[in-house]
Colleague: 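Below: one structure in structure tokens.
Note that this is a predicted model, so its numbers are computed, not measured.
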Amino acid sequence: MNSVEFYFEDIDPISIHENILNLQLNSLIKKELKEMGDISVIFCSDEYLLEMNKEYLNHDYYTDIITFDYVEGDVISGDLFISIDRVRENAQQFNSTLLKELYRVVFHGTLHLVGYKDKTDDEKVLMRSKEDFYLGEVDFKGLDI
């Protein structure tokens, strides 16, 4: 079985309950009728992700996630680079907890790997409903960062 690996780049590690998130990602991929490959989730700062956004995508703006897709057929693999700074700001903006917003962004990147897009309004609505569905499967009681 392949796996999800978690890394912290240029920031102090935080407790993200890796075992729970790993199970949730495996469940998401299975429910989307795909197979788990190797997924790396790299948490970093705004500045780190901004530099990646400039270097790899020629975008000069902050973002919460950049997804690198290494999917082959139905085997889901990729790298998810996530700005903790952006996630923290999103959590405040959307009146959510940091952990829930963090999971939402990880699910968002994984849903991209599975094949969902979010360019059009209809795609954004479907993506958000999928994020909400998978967030609803997590018991956040007693969990925090």
Colleague: Pick from His108, Lys124, Glu131, Glu32: which one makes a side chain to side chain donor-acceptor pair (under 3.5 Å) with Tyr116?
Modeller: Glu32
Colleague: Just how far is it from atom NZ of Lys34 to atom OG1 of Thr110, taken to the nearest 0.5 Å?
Modeller: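 With rounding to 0.5 Å, NZ (Lys34) is 13.5 Å from OG1 (Thr110).
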Colleague: Indicate yes or no: at least one non-hydrogen side-chain atom of Val114 is less than 4.5 angstrom from one of Val71.
Modeller: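 A side-chain contact under 4.5 Å is absent here.
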Colleague: Show the nearest heavy-atom pair for residues Met36 and Ile39, with the distance to one decimal.
Modeller: SD-CD1, 4.0 Å
Colleague: Anything under 30° is parallel, anything over 60° is perpendicular, the rest tilted; go ahead and classify Tyr134 against Phe107.
Modeller: perpendicular
Colleague: Is there a path of hydrophobic side-chain contacts, each under 4.5 Å between heavy atoms of I/L/V/M/F/W/Y residues, joining Ile20 to Ile16?
Modeller: yes
Colleague: Looking at Lys30, I'd like to know if its NZ atom is crowded, meaning that more than 12 non-hydrogen atoms belonging to other residues, nucleotides or ligands lie closer than 6.0 Å.
Modeller: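 Atom NZ in Lys30 is not packed in, count stays at 12 or less.
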Colleague: Examine Val4 and Val106 and state if one hydrophobic cluster contains both, with Ile, Leu, Val, Met, Phe, Trp and Tyr joined whenever side-chain heavy atoms are less than 4.5 Å apart.
Modeller: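 As far as the 4.5 Å side-chain criterion goes, Val106 and Val4 are connected within one cluster.
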Colleague: Give a yes or no answer on whether the side chain of Glu123 reaches the backbone of Lys119 with a donor-acceptor pair at less than 3.5 Å.
Modeller: yes
Colleague: Assess whether atom CG of Asn19 is packed by more than 12 heavy atoms of other residues, nucleotides or ligands within 6.0 Å.
Modeller: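 More than 12 within 6.0 Å, yes.
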Colleague: Please assess Leu102 against Ile84 for the test side chain to side chain contact (heavy atoms under 4.5 Å, CB included), listing each intermediate value before the final yes or no.
Modeller: CA-CA 8 Å; Leu102 191 88; Ile84 290 290; 3.5 Å; yes
Colleague: Run the ring-centre check on Phe68 versus Tyr56 and record whether the distance is less than 6.0 Å.
Modeller: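 Centroid separation for Phe68 and Tyr56: below 6.0 Å.
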Colleague: For salt bridge (charged side-chain N to carboxylate O under 4.0 Å, His left out), just list the numbers for Glu137 and Lys31, CA-CA rounded to whole Å, side-chain angles, deciding distance to a tenth of an Å, and then say yes or no.
Modeller: CA-CA 12 Å; Glu137 300 216 321; Lys31 286 182 178 173; 2.7 Å; yes
Colleague: Judged by atom type as modelled, is there a donor-acceptor pair below 3.5 Å linking the side chain of Ser77 to the main-chain atoms of Asp38?
Modeller: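 Here the side-chain-to-backbone pair exists.
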Colleague: Flag yes if Val87 and Ile14 sit in one hydrophobic cluster, no otherwise; membership is Ile, Leu, Val, Met, Phe, Trp, Tyr, and two members link when side-chain heavy atoms are under 4.5 Å apart.
Modeller: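 Result: yes, single cluster for both.
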Colleague: Would you please indicate yes or no on a ring centroid separation below 6.0 angstrom for Phe140 and Tyr103?
Modeller: yes
Colleague: So, applying side chain to side chain contact (heavy atoms under 4.5 Å, CB included) with Leu80, which one of Val105, Leu113, Ile66 is it?
Modeller: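 Going through the options one by one, the only one that passes is Leu113.
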Colleague: Does a side-chain N-to-carboxylate-O contact under 4.0 Å join Arg128 and Asp118?
Modeller: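 So Arg128 does not pair with Asp118 through a salt bridge.
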Colleague: Is there a path of hydrophobic side-chain contacts, each under 4.5 Å between heavy atoms of I, L, V, M, F, W or Y residues, that connects Leu57 with Ile65?
Modeller: no
Colleague: Okay, side chain of Asn26, backbone of Asn22: is any donor-acceptor separation there less than 3.5 Å?
Modeller: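 Yes; judged by distance alone, with no hydrogens or angles, the pair exists.
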Colleague: Between atom CZ of Arg104 and atom CG of Asp64, what is the distance when rounded to the nearest 0.5 Å?
Modeller: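 It is 11.0 Å, given to the nearest 0.5 Å.
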Colleague: Any idea which heavy atoms bring Ser45 and Ser83 closest together, and the distance?
Modeller: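 Looks like C-OG, 3.8 Å.
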Colleague: For the pair Ser27 (side chain) and Leu23 (backbone), establish whether a donor and an acceptor sit closer than 3.5 Å, ignoring hydrogens and angles.
Modeller: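 The answer is no, because no donor-acceptor pair under 3.5 Å joins these two groups.
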Colleague: Tell me whether Asp85 contacts the main-chain N or O of Asp46 through its side chain, where contact means a donor paired with an acceptor under 3.5 Å.
Modeller: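 It does hold such a pair.
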Colleague: Taking all non-hydrogen atoms of both residues into account, name the closest pair between Tyr7 and Ser40 and its distance.
Modeller: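 Heavy atoms of Tyr7 and Ser40 come nearest at CE1-OG, 3.8 Å.
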Colleague: Is it true that a side-chain atom of Asn53 and a backbone atom of Asp60 form a donor plus acceptor pair closer than 3.5 Å?
Modeller: no
Colleague: Testing the basics here: between Glu35 and Ile29, what is the closest heavy-atom pair and its distance to 0.1 Å?
Modeller: C-CG2, 3.5 Å
Colleague: Quick one: closest heavy-atom pair of Leu99 and Ser15, and the distance?
Modeller: CD1-O, 4.5 Å
Colleague: Given the rule that I, L, V, M, F, W and Y join up when any side-chain heavy atoms are under 4.5 Å apart, are Ile11 and Ile42 in one cluster?
Modeller: no
Colleague: Out of curiosity, Thr120 OG1 to Met127 CE, how far, rounded to the nearest 0.5 Å?
Modeller: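 It comes to 10.5 Å.
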Colleague: Please walk me through it: do Phe43 and Glu9 pass side chain to side chain contact (heavy atoms under 4.5 Å, CB included)?
Modeller: CA-CA 6 Å; Phe43 299 102; Glu9 197 66 51; over 6 Å; no
